[in-house]
Amino acid sequence: MPSFYCLLVVVLLSAAGTSSRPNVDNVPEFARWLVHKGKWGVISFNSLVFVPQGYIASYADAGTGSPYFYLSTLDPVGMVVPTDARASLTVSEISFDGCGGQEAQNPSCAKISLSGEEGLKAERALFKAHPSFSGFPKMNGTFAVYKLIVDEIFLVNKMAPPRSLSVEEYFEA
């Protein structure tokens, strides 16, 4: 199934556990750091009326590199996933460190796009990263945990063309 692509800027902690910004030329480590460091982003998807839509959502990666979400089945994304699971998460470095005063669109303000499909998992990691989620209503299955299963990556982290990074390299970092 083809994926919908959008720009995702994500900040992650490196596999080594450091919270400092990795070298921009260590592409896999930088991408994982960006996703891990981020706490929220924009999920892009095709709405029920087939109009592209973006939805701001909190997420956690549980140290795996895969973003997990706690979404209501009444929210736009939760309503669409059962019929079209294609989505992209966009996270910008500006959301957690301000990019040194640069504009979010500046290529030196890192951006990563993870595209793929969502599936259920990881409530514990989400509640640890976002404690307020535990107070959300679970009535009639209104909220569910979703995992973005990554199959495409698009990263911009310096004044250069987008970085080349395979899904395998990303998860091995």
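Values below: all heavy atoms of this structure, side chains included; hydrogens, waters and symmetry mates excluded.
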**Student:** Would you call Thr83 and Leu48 a side-chain contact if the rule is heavy atoms closer than 4.5 Å?
**Tutor:**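 Result yes, sub-4.5 Å side-chain heavy-atom pair found.
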**Student:** How close do Gly54 and Phe45 get, heavy atom to heavy atom, and via which atoms?
**Tutor:**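 Shortest heavy-atom contact: C-CE2, 4.5 Å.
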**Student:** With Leu114, which of Asp61, Leu155, Leu148 fulfils side-chain contact (heavy atoms from CB on, under 4.5 Å)?
**Tutor:** Leu148
**Student:** Do Lys158 side-chain atoms and Asp25 backbone N/O form a donor-acceptor pair below 3.5 Å?
**Tutor:** no
**Student:** Kindly compute the distance separating CG (Leu165) from OH (Tyr170), expressed to the nearest 0.5 Å.
**Tutor:**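 The OH atom of Tyr170 is 8.5 Å from CG of Leu165, to the nearest 0.5 Å.
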**Student:** Report the distance from atom OG of Ser88 to atom CG of Asp151, rounding to the nearest 0.5 Å.
**Tutor:** 8.5 Å
**Student:** Nearest 0.5 Å please: distance from the NZ atom of Lys111 over to the CG atom of Asn106.
**Tutor:** 6.5 Å
**Student:** Counting distance only, does the side-chain N/O of Glu172 pair as donor-acceptor with the main-chain N or O of Glu169 below 3.5 Å?
**Tutor:** no
**Student:** Would you say the side-chain atoms of Arg86 pair up with the backbone N or O of Val81, donor to acceptor, closer than 3.5 Å?
**Tutor:** no
**Student:** Are Pro67 and Val150 side-chain neighbours, meaning at least one heavy-atom pair lies under 4.5 Å?
**Tutor:**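 The answer is yes, as the side chains (C-beta and beyond) meet within the 4.5 Å cut-off.
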**Student:** Taking all non-hydrogen atoms of both residues, which atom of Ser92 and which atom of Ser95 are closest, and how far apart?
**Tutor:**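 Scanning both residues, the minimum pair turns out to be O-OG, 2.8 Å.
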**Student:** Would the distance check show the side chain of His130 and the main-chain N or O of Ser58 forming a donor-acceptor pair, the cut-off being under 3.5 Å?
**Tutor:** no
**Student:** Is there a donor-acceptor pair under 3.5 Å between the side chain of Asp97 and the backbone N or O of Cys99?
**Tutor:** yes
**Student:** Does the pair Asn23 and Phe30 meet the rule for a side chain to side chain contact (heavy atoms under 4.5 Å, CB included), with working shown?
**Tutor:** CA-CA 7 Å; Asn23 183 305; Phe30 190 94; over 6 Å; no
**Student:** So which heavy atom on Val24 is nearest to which on Arg21, and how close?
**Tutor:** CG1-NH1, 3.6 Å
**Student:** Can you give me the closest heavy-atom contact between Ser47 and Gln53, atom names plus distance?
**Tutor:**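 Looking at all heavy atoms of both residues, the closest pair is CB-OE1, 3.2 Å.
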**Student:** Taking everything shown except Gln102 itself, do over 12 heavy atoms lie less than 6.0 Å from its CD?
**Tutor:** yes
**Student:** Could you check whether atom CG of Leu74 has more than 12 heavy atoms from other residues, nucleotides or ligands sitting under 6.0 Å from it?
**Tutor:** yes
**Student:** Parallel under 30°, tilted from 30 to 60°, perpendicular over 60°: which one fits the rings of Phe143 and Tyr70?
**Tutor:** parallel
**Student:** Applying side chain to side chain contact (heavy atoms under 4.5 Å, CB included), run through Leu89 and Tyr59 and close with a yes or a no.
**Tutor:** CA-CA 10 Å; Leu89 172 66; Tyr59 74 92; 4.2 Å; yes
**Student:** Would you give the length of the straight line joining atom CE of Met79 to atom CG of Leu71, rounded to the nearest 0.5 angstrom?
**Tutor:** 11.5 Å
**Student:** Would you call Ile43 and Phe69 a side-chain contact if the rule is heavy atoms closer than 4.5 Å?
**Tutor:** yes
**Student:** Can you see which heavy atom on Gly65 is nearest to which on Phe171, and at what distance?
**Tutor:** C-CE2, 3.9 Å
**Student:** So, for Cys109 and Ala104, which heavy atoms are closest and what is the spacing to 0.1 Å?
**Tutor:** CB-O, 3.9 Å
